[in-house]
Amino acid sequence: MKKLFDEDETEIHNLDKAKILVSVIPVVLIVIILAITLLVNGSKKDDSGDDDLQQSIMDYADDAMPSNSASVSDLPGSTEKETVDEEENNSEDTTQKENDSSEALAPSPTPYQQIMNTDKVDYSKVSFDKDEQLKEMMTYWADNNQKALDDLANLDRFKAMSWKLRDSSDFYYYGDKNAAGLPDGKGIAVYADNQYYYGEWKNGLRSGNGTWIHYHVHNTANKSDLYLYHQYTGSWANDLPDGEGSEHYDYDTTLFKENMIYCTNLIGSYSAGLVDGEFYITSTDSNENYKEWNASAENGSWSFLSDKRDSVGRGPVYVAVKDNNNYFWMLPKENKNIGVPCLISKQNKN
């Protein structure tokens with residue numbers, strides 16, 4: 001009997017232990033899950049807080065702009081050895097082919113003259129009041145109402161105002177002036193080719209902070225012009241972009257071609273209208289692939305990341321932010337006088 005009792009007691013004891021384990025384990029698992037959840041949520045909350053605290057797109061560009069640390073040997077098609085084995089040769093040949101078929105950069109915008117030459121509208125017969133129209137546009141610009149600005153630029157009376165300035169670097173101005181009657185302070189101006197500027201002036205020249213925009217306006221069906229508008233926002237001196245600034249491009253995406261990348265934003269430093277300093281660049285393509293790049297420039301030319309050239313003579317100028325082995329290649333002859341395209345200025349040397 002004693003033995004049976006002991007066995008029963010042991011069995012009961014084991015059952016009690018099993019019950020305790022069954023009860024405790026779920027609790028422990030729940031605690032662990034809650035802890036992990038709190039950590040993840042805390043991380044997400046911090047990320048969200050960081051997004052909310054971003055001061056400007058310039059700050060983001062600074063964070064995303066590490067030094068171009070890739071060595072020459074990291075670049076596709078480059079080697080440091082004078083003699084290489086068969087495997088290395090095969091690898092280099094493959095990389096060379098990739099370079100030859102890599103994406104090309106879309107062409108920069110050019111002055112778009114269709115609106116000036118078309119016979120659909122005779123702008124010489126369209127009346128306009130430059131002071132009232134610029135005053136109207138200035139109000140919307142001060143309110144950051146981009147939609148209203150776009151609508152105004154496409155009205156015949158605004159197109160006629162720009163048409164009147166065709167083939168010149170002159171402008172109509174509305175805003176603050178100095179004692180000599182020159183633009184000085186804050187004001188707005190219209191130029192030929194549907195170009196506008198709103199911002200600071202000094203002694204008749206754009207100087208300080210301001211935004212320039214070039215509308216690609218069409219009176220007929222557009223079948224070739226990629227651009228809807230192109231703008232530069234940032235620092236100016238002597239009537240040219242100078243200092244920290246950013247360019248933005250807005251496209252007619254129906255005209256995108258395969259194997260082409262289209263720069264959407266360039267954020268960095270300019271000097272006398274030319275790229276000069278560190279840059280953060282974003283791009284897209286016909287498949288809506290978004291990419292980020294780092295680059296540096298000097299006096300209007302992108303700095304090549306190595307002396308290596310592919311079979312057609314291109315060298316690497318941009319390196320991908322998230323992949324130090326991904327580069328954009330450019331021909332040396334194309335890598336000159338790079339600045340803000342189409343900008344009308346008496347000082348512009350582009």
Side-chain angles (χ1 to χ4, degrees), residues 109-118 120-178 181-219 225 227-234 236-241 245 247-250 273 339-348 350:
T110 57
Y112 199 76
Q113 297 294 337
Q114 183 198 59
I115 192 65
M116 302 302 164
N117 301 328
T118 183
K120 288 288 183 179
V121 178
D122 185 353
Y123 289 109
S124 66
K125 297 180 179 179
V126 176
S127 62
F128 63 88
D129 186 326
K130 57 184 176 59
D131 288 338
E132 285 300 317
Q133 290 177 200
L134 289 175
K135 180 180 179 181
E136 179 183 9
M137 180 173 273
M138 188 174 182
T139 300
Y140 289 120
W141 215 317
D143 291 338
N144 294 313
N145 191 336
Q146 185 68 53
K147 178 63 168 58
L149 293 175
D150 298 347
D151 290 343
L152 289 178
N154 280 276
L155 295 177
D156 280 349
R157 58 191 173 95
F158 277 82
K159 289 185 282 188
M161 179 171 61
S162 179
W163 177 86
K164 189 72 173 180
L165 297 163
R166 67 195 183 283
D167 301 323
S168 77
S169 58
D170 296 333
F171 59 89
Y172 296 138
Y173 174 81
Y174 178 86
D176 300 331
K177 296 180 181 180
N178 60 19
L182 297 174
D184 199 295
K186 181 162 286 188
I188 186 172
V190 58
Y191 299 78
D193 203 28
N194 303 291
Q195 297 189 24
Y196 296 87
Y197 171 84
Y198 170 72
E200 297 175 338
W201 299 72
K202 186 174 182 179
N203 292 325
L205 299 174
R206 289 168 285 192
S207 183
N209 291 310
T211 296
W212 165 88
I213 188 166
H214 176 203
Y215 285 103
H216 285 230
V217 179
H218 307 97
N219 277 347
D225 185 22
Y227 301 90
L228 299 176
Y229 68 83
H230 166 220
Q231 71 180 40
Y232 167 85
T233 298
W236 295 72
N238 196 31
D239 213 46
L240 294 171
E247 291 180 70
H248 172 72
Y249 296 86
D250 211 54
V340 179
C342 310
L343 175 66
I344 295 175
S345 169
K346 296 182 184 299
Q347 312 296 331
N348 205 338
N350 286 349

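For this chain, numbers begin at 1 and follow the sequence in order. These values consider heavy atoms only, across backbone and side chains, with no hydrogens, waters or symmetry-generated copies.
Across all non-hydrogen atoms, the minimal contact from C342 to P109 is SG-O, 3.2 Å. Scanning both residues, L134 and A189, for their nearest heavy atoms gives CD2-C, 4.4 Å. Considering every non-hydrogen atom in both A192 and S168, the closest pair reads CB-O, 4.2 Å. Nearest heavy-atom pair, S169 versus I344, reported as atom, atom and distance to 0.1 Å: CA-CG2, 3.6 Å. Residue G204 comes nearest to L182 through the heavy atom pair N-CB, 3.8 Å, listed as atom of the first residue, atom of the second, then distance.
The CG atom of D225 sits 7.0 Å away from atom OG1 of T110, with the distance rounded to the nearest 0.5 Å. The distance from atom OH of Y197 to atom OG1 of T211, rounded to the nearest 0.5 Å, is 7.5 Å. One distance of note links CG of L205 with CD of E200; it measures 13.5 Å at 0.5 Å rounding. Residue D193 holds its CG atom at 11.0 Å from CG of L343, rounded to the nearest 0.5 Å.
A search for ring pair (Phe, Tyr, Trp, His ring centres under 6.0 Å) contacts involving Y232 returns W236, Y270, not counting sequence neighbours. K186 is linked by a side chain to side chain contact (heavy atoms under 4.5 Å, CB included) to M138, D176, Y198, counting only residues two or more places apart in sequence or in another chain. Taking the ring pair (Phe, Tyr, Trp, His ring centres under 6.0 Å) definition, one finds that F171 meets it with Y191, W201, sequence neighbours left out. In this view, D239 and R206 satisfy the salt bridge (charged side-chain N to carboxylate O under 4.0 Å, His left out) rule, not counting sequence neighbours. By the salt bridge (charged side-chain N to carboxylate O under 4.0 Å, His left out) test, D170 pairs with K346, sequence neighbours left out.
For residues 128-138, every residue pair satisfying the side chain to side chain donor-acceptor pair (under 3.5 Å) rule, not counting sequence neighbours, is listed here: E136-R157.
Here the side chains of S162 and V217 are not in contact, with every heavy-atom distance at 4.5 Å or above. Between W163 and F128, the closest side-chain pair of non-hydrogen atoms is not below 4.5 Å. Two residues are said to be in side-chain contact when any heavy atoms from C-beta on lie closer than 4.5 Å; D250 and Q146 fail this criterion. Residues F158 and Y215 form no side-chain contact, since every pair of their non-hydrogen atoms from C-beta on lies 4.5 Å or further apart. Taking 4.5 Å as the limit, some side-chain heavy atom of L149 sits within range of a side-chain heavy atom of W141. Side-chain atoms of D184 and K202, non-hydrogen and from C-beta on, do get closer than 4.5 Å to each other.
Using modelled atom types, no side-chain atom of Q347 and backbone atom of G273 make a donor-acceptor pair closer than 3.5 Å. Distance alone, capped at 3.5 Å, is enough to place a donor-acceptor pair between the H218 side chain and the H216 backbone.
Between K147 and D150 no salt bridge is recorded (no basic side-chain N to carboxylate O distance below 4.0 Å).
Classified by interplanar angle (parallel below 30°, tilted 30° to 60°, perpendicular above 60°), the ring pair H248/Y229 is tilted. Using a 30° and 60° split on the angle between ring planes, W212 and H230 fall in the perpendicular class, above 60°.
A 6.0 Å sphere centred on OH of Y140 holds no more than 12 heavy atoms belonging to other residues, nucleotides or ligands.
Between Y249 and E247, the side chains place a donor N or O and an acceptor N or O closer than 3.5 Å (distance only, hydrogens not considered).
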